Student: 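Sharing a structure, written as structure tokens. Questions coming.
A quick note: this is a predicted structure, and the numbers were derived from the prediction, not measured. Letters go in sequence order (proteins before strands), and every chain restarts at 1.
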Protein chains: 2
Amino acid sequence: MLSLSIYKQSWRCQYRIMNQDKKSGYHHGSLKESLILHAFNLLDEAGPDAVTIRAVARRAQVSHAAPANHFHDRTALLTELATRLFQMLDADVRRKLSEAESADRARAYMEALLEFGLRHPNRYLLMWRQDLVDWDDDALSACMDALYDSFVNELANLPRQSGRDPHTLAISLWSMIHGYVTLRLNGVFKDRSDEVSGANRAAAMLDLMLAQ
Amino acid sequence: MLSLSIYKQSWRCQYRIMNQDKKSGYHHGSLKESLILHAFNLLDEAGPDAVTIRAVARRAQVSHAAPANHFHDRTALLTELATRLFQMLDADVRRKLSEAESADRARAYMEALLEFGLRHPNRYLLMWRQDLVDWDDDALSACMDALYDSFVNELANLPRQSGRDPHTLAISLWSMIHGYVTLRLNGVFKDRSDEVSGANRAAAMLDLMLAQ
DNA sequence: CTCTTATGTTGTCACTGTCAATTTACAAGC
DNA sequence: GCTTGTAAATTGACAGTGACAACATAAGAG
């Protein structure tokens, strides 16, 4: 019976790997992750509004009510996506920080935020859609808090900015980058004032704020 | 016959005034304006998502398909709202400008934007919802352009900023205020760092940018 | 008075989120 | 091995949405 149990176990494992995305039988095996995967694809392809419960279920080749077992709400699904996106952003920040020289650590934060937004427009838009995402969710707000707190910390350690309130500086910088990305993704700067390279514009903006 | 025409004209006028919001007979009389009025009410009460064609039609006491005669789309209705909101914002800016001293004219712009956003959260959110509003609409983009251009103009005339690129300065300032308002409306700064008064925080942020 | 057009009406379709009732798979206890 | 319970999927339904089509009526022009 032991061997049987082991066999079952390994079969289950193989089943899960093989059916990462396909259903063979009544149960899916790893539906939750599959739903998230397809939700991200839909998000990237067609924006937050396209990420409907039923569309995601269709892509996972599963009935329209199946996702309810894993996500109570549509909001719950989108909040899960947003939480993971904040984690991805955090990873980007850490990568940039590890490469940055000590003087440019604050800049690395801002650049990570900017690049993330410009590289994945729909993902960035979802992260800040208050009406789609539950900001009271513990996991989500924990990710947000961690990101913000480490940024404030970085700014407080900046030698030249010692006289300034780090919160004011943090909120100013964050607001500026976030505002710029948001306006740009919304097409406001489309053809205005040769808005070719967001990175160049943002660099000039950061110069305005940091270098003095 | 001339007198008849005049009589008809005045009767029509009176009819329109009397039935600003009520229908008496088959035709409404001034449905388009009534729809816009109720759409603004819905927007203020419950946000952009609550402004559905059918909900607006119900409030105007009219059938669900009636609005189609005045707005081809839901997008068309929301674009009309956004256009008017940009005009209101423009009026606010002009009012603030007329009160401002010459040194603080750029600041007046930013304060108008900030106050508009914090005073009318749902209106502000709608104005920047790329997925709900048609940014290629001529009337809308004309309003946007006028607002931005006059702001750049104001910054270019600032004596102390003569060495800087006015576009970079304009985009930086606009992005910062827009980002701050957006993040604040989304509840990001809810209890973080004593975010009590948006005006105070914003004043400190503007000091960071302008006063040096 | 008649004809046209603008502005309403009802009805329908496909889609959505959410719920209820049902069916199946899996695991644990005997 | 068999039963039993629970997790995870199914179908079906409901109300709400935007959009369209077919139709009705009112207003105005000739």
Side-chain angles (χ1 to χ4, degrees), chain A residues 1-2 4-16 19 22-35 39 42 46-79 131-134, chain B residues 1-2 4-16 19 22-35 39 42 46-79 131-134:
Chain A
M1 329 168 216
L2 188 62
L4 180 66
S5 146
I6 286 176
Y7 168 77
K8 272 189 175 176
Q9 188 79 21
S10 71
W11 177 85
R12 183 98 207 281
C13 227
Q14 197 182 3
Y15 173 83
R16 278 198 177 160
N19 297 286
K22 225 177 148 191
K23 107 180 196 198
S24 89
Y26 198 79
H27 279 8
H28 184 284
S30 57
L31 181 54
K32 186 166 185 176
E33 283 306 314
S34 176
L35 290 172
L42 274 166
D49 290 342
V51 185
T52 67
I53 294 279
R54 292 173 109 106
V56 173
R58 271 193 298 272
R59 290 227 172 167
Q61 299 188 339
V62 104
S63 79
H64 64 265
N69 289 305
H70 304 278
F71 301 101
H72 175 260
D73 256 340
R74 182 182 178 223
T75 300
L77 169 61
L78 296 177
T79 301
D131 52 330
L132 297 182
V133 162
D134 178 19
Chain B
M1 330 167 217
L2 188 62
L4 179 65
S5 145
I6 286 174
Y7 168 75
K8 273 189 172 173
Q9 187 82 18
S10 72
W11 176 86
R12 185 94 208 281
C13 227
Q14 197 181 1
Y15 173 83
R16 277 196 177 161
N19 297 286
K22 226 178 145 188
K23 108 180 195 197
S24 88
Y26 197 80
H27 280 9
H28 184 284
S30 57
L31 181 55
K32 185 166 186 176
E33 283 306 314
S34 177
L35 291 172
L42 274 165
D49 290 343
V51 186
T52 67
I53 294 278
R54 291 171 108 107
V56 172
R58 271 192 299 272
R59 290 227 172 168
Q61 300 189 337
V62 103
S63 77
H64 65 263
N69 290 306
H70 304 279
F71 302 101
H72 175 259
D73 256 340
R74 182 182 176 225
T75 300
L77 169 61
L78 295 177
T79 301
D131 54 329
L132 296 182
V133 161
D134 178 20

Student: A60(A) and L31(A): which non-hydrogen atoms are nearest, and at how many Å?
Tutor: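 Looks like CB-CD1, 4.1 Å.
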Student: Under 3.5 Å, is there any donor-acceptor pair linking the side chain of H64(B) to the base of dG16(D)?
Tutor: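 Absent.
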Student: In whole angstrom, what separates L31(A)'s CG from dA25(C)'s P?
Tutor: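 After rounding, the gap between these two atoms is 16 Å.
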Student: Mind calculating the distance between CZ (R74(A)) and C1' (dT17(D)) to the nearest angstrom?
Tutor: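 That distance rounds to 13 Å.
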Student: At 4.0 Å (heavy atoms only), tell me whether A68(B) reaches a base, stays on the sugar-phosphate, or touches nothing.
Tutor: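 The residue A68(B) makes no contact with any strand.
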Student: Which heavy atom in L35(A) sits nearest to a heavy atom in H70(A), and how many Å separate them?
Tutor: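 Taking L35(A) first and H70(A) second, the nearest heavy atoms are CD1-CD2, 4.4 Å.
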Student: Side chain of T79(B), backbone of T75(B): donor and acceptor closer than 3.5 Å?
Tutor: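 Side chain of T79(B) to backbone of T75(B), a donor-acceptor pair under 3.5 Å: yes, one is there.
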Student: When the distance from CD1 of I53(A) to P of dT16(C) is rounded to whole Å, what number comes out?
Tutor: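 Interatomic distance, CD1 of I53(A) to P of dT16(C): 11 Å.
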Student: Looking across every strand, which nucleic acid part, if any, lies under 4.0 Å from T52(A) by heavy atom: base, sugar-phosphate, or nothing?
Tutor: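 Contact class for T52(A): sugar-phosphate only.
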Student: Examine dG16(D): is either OP1 or OP2 under 4.0 Å from a nitrogen or oxygen in the side chain of R58(B)? Give yes or no.
Tutor: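 For dG16(D), OP1/OP2 do not have a side-chain N/O of R58(B) under 4.0 Å.
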Student: What is the minimum heavy-atom distance between A39(B) and L77(B), and which atoms define it?
Tutor: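 The pair with the smallest heavy-atom distance is CB-CD1, 4.3 Å.
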Student: So for N69(A) and dA9(D), does any side-chain atom that can act as donor or acceptor lie under 3.5 Å from a complementary atom in the base?
Tutor: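 Flag set: donor-acceptor pair detected.
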Student: On the side chain of R54(B), is there an atom forming a donor-acceptor pair with the base of dG16(D) - under 3.5 Å, no angle test?
Tutor: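 Checked by distance alone, the answer is no.
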